[in-house]
There are 2 protein chains.
Amino acid sequence: MSALKYVGQRLPKADALDKVTGRAVYINDLARPGMLHGKILYAAHAHALIKSLDVSKARALPGVRAVLTGQDIPEIPLGFMRDNRPLKKGKVRTRRDEIAAVAATSPDIAQEAIELIEVEYEPLPALFSPEEALAEGAPLIHELDAKGRPAKSNKLSLPWKLICGDVEEGRARARHIAQGTYRTTWISHCCLGTSGVIAEFDLNRNLTMHSITQIPYLAQNDYLEALKAMGLPSSQVRVLCQTIGGGFGSKLDTHCYEFIAILLARATGRPVKMQFSREEEFLAQATRQPATMEISQGCDAEGRLTFREVHMLLDNGGYTSWGATTPSVMMVPVSSLYRVPNVRYLAESVYTNNIYAQAMRGYGNPQATFAIESNLDQLALMAGMDPVEFRLINANQPGDQTPQGFKITTCGLSQCIEKVRQGLGWQEHQQAKARGANVGGHKARGQGLASLIHVGGGARVYRSDGHGMIMKLDDFGRLTVFTGAVEIGQGNETILRQVAAEAVGLKLEDVSIVSHDTAICPWDVGTHASRAAFISGNAAIQCAQELRRKIFALAAQQLEVEPEDLDLSQGQLLVRRSGGGEGQRLAVAEADESLPLAKVLRKAHFSSGGRMLMAETFYDPPNEMLDREFKGNLSCSYAFGASGVEVEVDTQTGQVRILKYLAAHDVGRALNPMLLEGQIYGGSLMGVGMALTEEVKLHEGRVVNGNFLDYKMLTCKDAVPITPIIVETDDPAGPYGAKGVGEPGCVPSAPAIANAIFDAVGVRIHDLPITPEKVLRALQQKKDEVCRLAQPPC
Amino acid sequence: MSALKYVGQRLPKADALDKVTGRAVYINDLARPGMLHGKILYAAHAHALIKSLDVSKARALPGVRAVLTGQDIPEIPLGFMRDNRPLKKGKVRTRRDEIAAVAATSPDIAQEAIELIEVEYEPLPALFSPEEALAEGAPLIHELDAKGRPAKSNKLSLPWKLICGDVEEGRARARHIAQGTYRTTWISHCCLGTSGVIAEFDLNRNLTMHSITQIPYLAQNDYLEALKAMGLPSSQVRVLCQTIGGGFGSKLDTHCYEFIAILLARATGRPVKMQFSREEEFLAQATRQPATMEISQGCDAEGRLTFREVHMLLDNGGYTSWGATTPSVMMVPVSSLYRVPNVRYLAESVYTNNIYAQAMRGYGNPQATFAIESNLDQLALMAGMDPVEFRLINANQPGDQTPQGFKITTCGLSQCIEKVRQGLGWQEHQQAKARGANVGGHKARGQGLASLIHVGGGARVYRSDGHGMIMKLDDFGRLTVFTGAVEIGQGNETILRQVAAEAVGLKLEDVSIVSHDTAICPWDVGTHASRAAFISGNAAIQCAQELRRKIFALAAQQLEVEPEDLDLSQGQLLVRRSGGGEGQRLAVAEADESLPLAKVLRKAHFSSGGRMLMAETFYDPPNEMLDREFKGNLSCSYAFGASGVEVEVDTQTGQVRILKYLAAHDVGRALNPMLLEGQIYGGSLMGVGMALTEEVKLHEGRVVNGNFLDYKMLTCKDAVPITPIIVETDDPAGPYGAKGVGEPGCVPSAPAIANAIFDAVGVRIHDLPITPEKVLRALQQKKDEVCRLAQPPC
């Protein structure tokens with residue numbers, strides 16, 4: 001095999017120049033001829049009946065072209081449980097309920113019209129936590145269940161339940177058992193590009209959506225369903241994705257505002273743009289799913305885990321998005337992070353009158369891992385073991401099959417833990433701590449560590465995990481690659497360009513990527529589950545093989561050699577004339593002759609019976625859909641990693657400062673270390689934000705900090721000194737050995753930090769974010785407890 | 001074979017609604033962020049030295065971002081003989097010479113800047129006809145020839161010469177010989193969309209051209225060459241065609257203004273739009289090539305043609321576009337219209353200081369056919385034969401091979417002539433005329449007829465006549481077809497949709513066409529030579545076969561039958577379970593089972609190891625490039641036709657009124673009779689304009705009627721009662737039997753009209769257009785001649 005030319009290179013993102021110079025076209029920048037602007041009226045109550053809704057003043061406002069309410073539109077059921085509608089009718093269930101929408105000639109006029117709409121409500125008792133919603137006598141938020149029958153409670157009939165082995169046996173066998181309850185809260189994706197769409201019908205009633213979705217083909221189906229409901233069953237839908245200003249999972253579902261745009265476009269016969277303000281983005285996009293997690297884990301005398309049991313209560317908010325399926329991914333660490341023979345997991349989702357959640361980077365994994373890894377440190381402590389040693393004893397190993405049925409092929413978890421231990425200076429710190437040298441005045445230093453497992457080879461969460469690809473070669477040897485994958489800023493197009501150039505054997509500058517258009521690009525299930533590089537990379541290799549077969553057949557005929565005696569590298573055909581080819585991939589040195597591919601292609605093109613070369617493929621990875629018991633080999637490979645942090649806790653203020661942050665990831669192979677590190681930096685920082693500062697604050701269902709002043713996203717001023725560590729395990733299923741790495745960065749941050757805080761000051765914070773107030777309160781409680789137990793009490 | 005579902009249907013154009021409602025996006029409608037506007041300064045003399053060129057005032061004008069002259073740009077040779085440059089330097093050769101260009105923030109500012117440029121010329125003696133340019137002692141317009149050697153004369157070294165058989169022998173054998181000289185003039189394409197382009201570099205120095213070319217892939221190469229000259233050898237070029245407001249051949253070359261846009265975009269770093277005014281379009285686009293044609297033809301006693309000899313003198317203007325190759329197509333009728341054993345043809349092109357010509361519908365054929373068919377009527381008269389009978393005796397027949405080497409497969413020429421004869425009421429008219437009943441007062445009616453031959457199965461004028469196609473099927477059974485063919489208003493996308501739906505076996509509404517983007521669509525040589533429907537139709541059939549093979553393989557596996565027992569029609573899979581399939585194409589009645597294709601596709605998609613279906617192909621027709629003697633089978637099939645007209649000539653005013661116009665065309669098969677008739681109407685009307693009214697008038701190289709008031713294009717008010725007659729010959733090479741038909745309509749109009757005028761009033765007009773003045777003058781000359789010969793003279 002020739003040395004790799006592009007795979008492994010540190011190449012900047014293809015779209016970086018456009019983005020840093022402001023030339024990239026975001027949905028904000030886009031206008032269509034005759035375009036109208038849409039605005040939405042949201043509910044003024046979290047739970048109320050709509051007694052009357054008067055839009056007459058809004059309709060009369062000059063410049064207004066349409067006003068729609070729930071009464072004016074057909075039944076278009078939305079969301080995973082089909083319990084949502086683009087515009088609500090009769091009743092509101094959250095403060096983000098869309099109850100009317102306006103299309104006008106300018107955004108200002110649309111907003112004025114919104115303010116002219118008169119609504120009378122009859123408030124209902126509202127429920128702002130799962131506990132309240134499950135209480136005896138709580139009012140029903142949805143009167144009907146998913147099957148249209150009268151609902152019995154606010155609990156959703158969602159099936160997230162996993163039983164592996166015998167937890168009672170594991171519990172009985174345990175020498176030590178740690179138990180705890182952990183809570184995570186609403187976190188915003190904080191995409192710098194706010195949500196927006198332009199819906200446009202042509203005169204044949206076909207719809208084009210200028211969109212920023214991460215799932216163009218699934219979205220296309222949702223829109224087609226809506227058109228059917230609107231009486232347009234034979235209309236076609238084309239989804240064109242614009243430059244996306246951040247995805248992070250927020251665009252893995254179709255949203256009410258998109259359907260409102262479609263309805264307004266149909267009502268007016270003109271393109272309609274919806275563009276969220278930042279405040280709207282906080283209110284009416286979506287968040288990470290908050291969870292209350294009761295966990296217990298036990299180990300035997302040697303420190304080997306004997307069981308793990310997790311019970312989750314999830315605040316589903318008022319409606320059920322695809323984000324409600326995150327518990328299926330929470331199962332991944334619950335069942336398979338470390339070797340644990342017996343597992344029981346139950347997640348219950350409950351309707352409340354809060355805003356609702358959506359997929360977000362890690363898809364539940366950061367929440368679950370926060371509970372598992374926080375609790376694991378407690379267990380190690382109980383067992384009297386070093387937390388790092390404890391993790392190494394239990395670490396997953398290559399060849400393992402986990403209780404849920406995951407087949408671990410490559411696994412660099414132990415290496416990741418070792419490298420983080422080294423990088424932290426763990427031993428030195430422990431020795432210093434033993435001497436009390438980690439404390440100076442009111443500041444104490446501590447170290448903590450947490451691991452992760454995530455899908456790294458696609459994930460069959462839909463019935464297809466597939467990806468189509470077309471390659472078109474021109475007669476100058478330039479290649480165009482058509483991919484259904486969506487670039488959401490992670491650099492997938494750059495990676496794909498590298499892989500395609502490598503796999504076909506062309507120069508990088510001769511490869512172009514075409515994407516973001518459902519009419520042109522073959523089907524892909526969407527950019528999620530850290531799958532884009534893995535899946536599109538494998539598709540590119542598969543398609544390249546077909547293209548190379550055609551190239552070599554053509555060239556062999558022209559050059560009068562056997563196809564086996566040919567190779568192609570960086571656009572040069574290598575020819576072995578001496579015969580005896582033992583397979584492809586000649587080295588340049590072995591070639592008896594070398595000529596530009598373009599020459600062969602032009603000759604083939606400009607002959608009678610001329611030919612030009614294209615190839616197409618559909619790659620569907622050999623992973624499995626989970627069965628009814630949620631078992632099966634969900635992914636073709638699994639990503640592992642460990643993050644280690646050193647913090648300094650100020651015991652006077654409760655402030656936590658991160659001094660070191662090491663993030664070691666088993667990435668299979670680094671296709672582009674620069675972009676890979678970018679994923680690790682970004683993921684880690686997102687994880688730190690989740691751990692320490694970020695929370696969408698709700699007061700009676702209303703977002704009270706929906707802006708970047710009050711919502712504390714980390715900025716470059718808060719940046720943490722992150723050291724990415726790349727562990728390569730050369731995964732046999734991955735393109736050139738690579739695994740997915742988009743999400744893992746953020747997964748272990750919170751527990752690593754929580755563990756480090758405990759290491760520093762001996763208090764464990766169970767609910768995120770770990771604010772100074774919570775640290776101070778915990779320190780005070782600990783002090784009170786110590787005092788209470790002291791003889792004499794202090 | 002199942003009955004055809006869509007082929008043969010009268011379906012309106014897919015883009016008709018967009019165009020009639022003003023929603024189609026023309027280049028005029030398009031703006032790009034940060035776009036500048038370019039304007040060009042043209043020469044003030046037809047032939048002069050540029051003594052000085054001062055752009056300082058233009059550069060100083062606020063809003064001006066770049067001013068370029070020939071001094072500021074690299075050497076970018078353009079045109080068929082590479083004798084042209086985007087901006088001229090040192091010397092101007094025509095009044096359309098581009099000598100400076102401005103990019104500014106608005107078109108008005110750009111125009112003001114143009115007017116601030118100061119130029120001093122030293123006029124040179126100018127040459128406004130080939131005769132003047134060939135005269136002894138004429139100054140040289142180009143000092144160097146194509147090879148860079150000192151030029152010896154103004155004659156171009158172009159090789160248009162054809163010798164078939166022995167013309168001297170044919171001449172000797174002739175009983176009658178008719179001789180004459182015919183002239184055609186400059187005609188404008190009169191595209192309603194004026195020329196325009198936006199050139200845009202991205203930050204990686206790749207170029208996107210928002211263009212209206214008919215040859216996106218050849219244009220891409222021209223632009224790449226220009227970028228090389230500009231020091232950007234590794235830049236890529238993407239050509240995106242916008243809606244084209246008329247092509248007719250005018251966009252078969254790249255033009256100076258396009259390269260000026262590129263140079264200005266590079267100089268400013270911003271997108272630059274050039275958009276011609278109507279006056280500019282007349283001056284600086286291009287025209288049909290004017291020709292002076294000496295012809296002689298002879299026949300034997302039975303009226304069989306024994307020879308044809310044609311000598312053409314062509315005004316090449318100041319530079320040589322691809323339009324200079326029209327003499328190669330003029331050869332088609334010269335050598336092959338009617339059976340003529342001995343042919344000699346010589347075409348000489350001469351530089352003048354006039355504007356220059358470009359390809360135009362028929363590519364020289366209308367000029368040559370004007371001479372041949374006018375002269376043929378004279379020959380029939382000399383031979384004392386009825387002109388229709390004379391043509392039938394000599395008509396081409398299926399199975400013929402013409403002297404130039406064209407293999408006539410299907411040929412409906414005789415049928416076309418017969419149908420026109422019938423439709424005109426030829427016999428009745430001749431009888432009436434014999435009685436003098438065709439004359440009433442100062443008005444006389446006459447009938448005339450002319451035939452045509454044209455390429456109808458592609459034309460190998462470039463080294464490839466090929467066409468690539470990709471088909472992508474989604475799992476709802478919807479098909480996207482990627483074609484390199486350019487829709488120039490002729491309806492090709494509608495036709496292709498019909499053919500693809502038919503050939504794959506889908507519903508029409510489930511087929512979409514993607515075109516007009518070199519990045520996405522496979523290569524095609526361009527929309528010319530009436531080839532689009534023929535070539536893209538054949539490519540679609542070829543690609544459909546591949547796609548059907550994949551569909552049947554997939555379905556056979558799922559349904560547990562043999563692929564041979566399956567058929568697909570309108571999206572339904574037909575299954576024969578009773579076995580014994582004798583080939584594909586079951587009729588619905590024969591099927592034992594029928595199920596939606598979508599069902600099979602979705603099952604295949606949503607299984608592990610899932611698949612989605614695509615297919616790609618490259619179709620290159622089996623036609624031949626002409627050899628060095630200009631012989632070979634240029635096209636896979638040949639189109640034939642005959643037009644017949646009845647005119648009324650006013651002998652007091654010279655006015656010619658068309659009473660009947662019959663256009664019979666051998667089209668192989670009418671894929672869509674409605675669009676086919678549209679081509680015949682449009683072509684015929686263009687031919688009538690050429691015959692009677694259209695002429696770009698030049699005075700010393702300056703266009704003096706460059707607007708729609710003074711240039712007499714026919715409008716709907718002048719519309720002629722055209723009766724299209726479709727003759728189907730089911731061509732074996734064509735898609736469903738079809739031949740090309742885009743150009744033929746305009747070919748025989750002028751001679752048919754000239755012949756009808758002669759029939760009416762006995763005068764023959766030899767030069768186009770046949771204006772009332774020319775008719776009156778000829779009538780007066782005839783009268784004078786009659787008087788002169790009368791005894792006694794009157």
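Chain letters run A, B, ... following the sequence lines, proteins first and then strands; every chain starts at 1. Predicted, not measured: the structure shown is a model, and the values here were computed from it.
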Next item on the list: Ignoring hydrogens and angles, tell me if any N or O in the side chain of A:K472 forms a donor-acceptor pair with the backbone of B:I520 under 3.5 Å.
Entry: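 No.
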
[X], part contacting chain A, at a heavy-atom distance under 4.5 Å:
X	result
B:M471	neither
B:P522	both
B:S512	side chain

Note to self: I'd like to verify something: which residue of B:P33, B:A519, B:G468 has the highest number of heavy-atom pairs under 4.5 Å with chain A?
What the structure shows: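 Greatest number of close heavy-atom pairs with chain A: B:A519.
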
Check: Of all of B:V25, B:N221, B:L473, which one pairs up most often with chain A through heavy atoms under 4.5 Å apart?
Finding: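 Option with the greatest count: B:N221.
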
Check: Of the listed residues (A:G609, A:P622, A:G466), which shares the most heavy-atom pairs with chain B below a 4.5 Å separation?
Finding: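 Answer, by heavy-atom pair count under 4.5 Å with chain B: A:G609.
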
Note to self: I'd like to verify something: which residue of A:A615, A:C521, A:P621 has the highest number of heavy-atom pairs under 4.5 Å with chain B?
What the structure shows: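 Ranked by contacts with chain B, first place is A:C521.
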
Margin query: Using every non-hydrogen atom in the two residues, find where B:L203 and A:T21 come nearest and quote the distance to one decimal.
Written below: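 Between these two residues, the closest heavy atoms are CD1-OG1, 3.0 Å.
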
Value rounded to 0.5 Å, distance of [atom1] in [X] from [atom2] in [Y]:
X	Y	atom1	atom2	answer
B:F618	A:H605	CZ	NE2	4.0 Å
A:T617	B:R611	OG1	CZ	9.0 Å
B:K550	A:E616	NZ	CD	3.5 Å
B:L224	A:F476	CG	CZ	6.5 Å

Notebook entry, point to check: Of A:R463, A:R460, A:E624, which is the lone residue that meets side-chain contact (heavy atoms from CB on, under 4.5 Å) with B:S608?
Noted result: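 Testing B:S608 for a side-chain contact (heavy atoms from CB on, under 4.5 Å) against A:R463, A:R460, A:E624 leaves exactly one candidate, A:R460.
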
Checklist line | salt bridge (Lys or Arg N to Asp or Glu O under 4.0 Å) partners of residues 18-31 of chain A, not counting sequence neighbours, each pair once | finding: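 Listed by first then second residue: A:D15-A:K19.
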
Checklist line | Neighbours of chain B found in residues 232-243 of chain A - heavy atoms under 4.5 Å | finding: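 Expected list: A:Q236.
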
Notebook entry, point to check: Of the backbone (N, CA, C, O) and the side chain (C-beta and beyond), which part of A:I470 lies under 4.5 Å from a heavy atom of chain B, both, or neither?
Noted result: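 Answer is side chain: those atoms of A:I470 sit under 4.5 Å from chain B.
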
Next item on the list: Would you mind reporting whether B:D474 and A:Y217 have side-chain heavy atoms less than 4.5 Å apart?
Entry: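 With C-beta onward as the side chain, the pair stays apart.
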
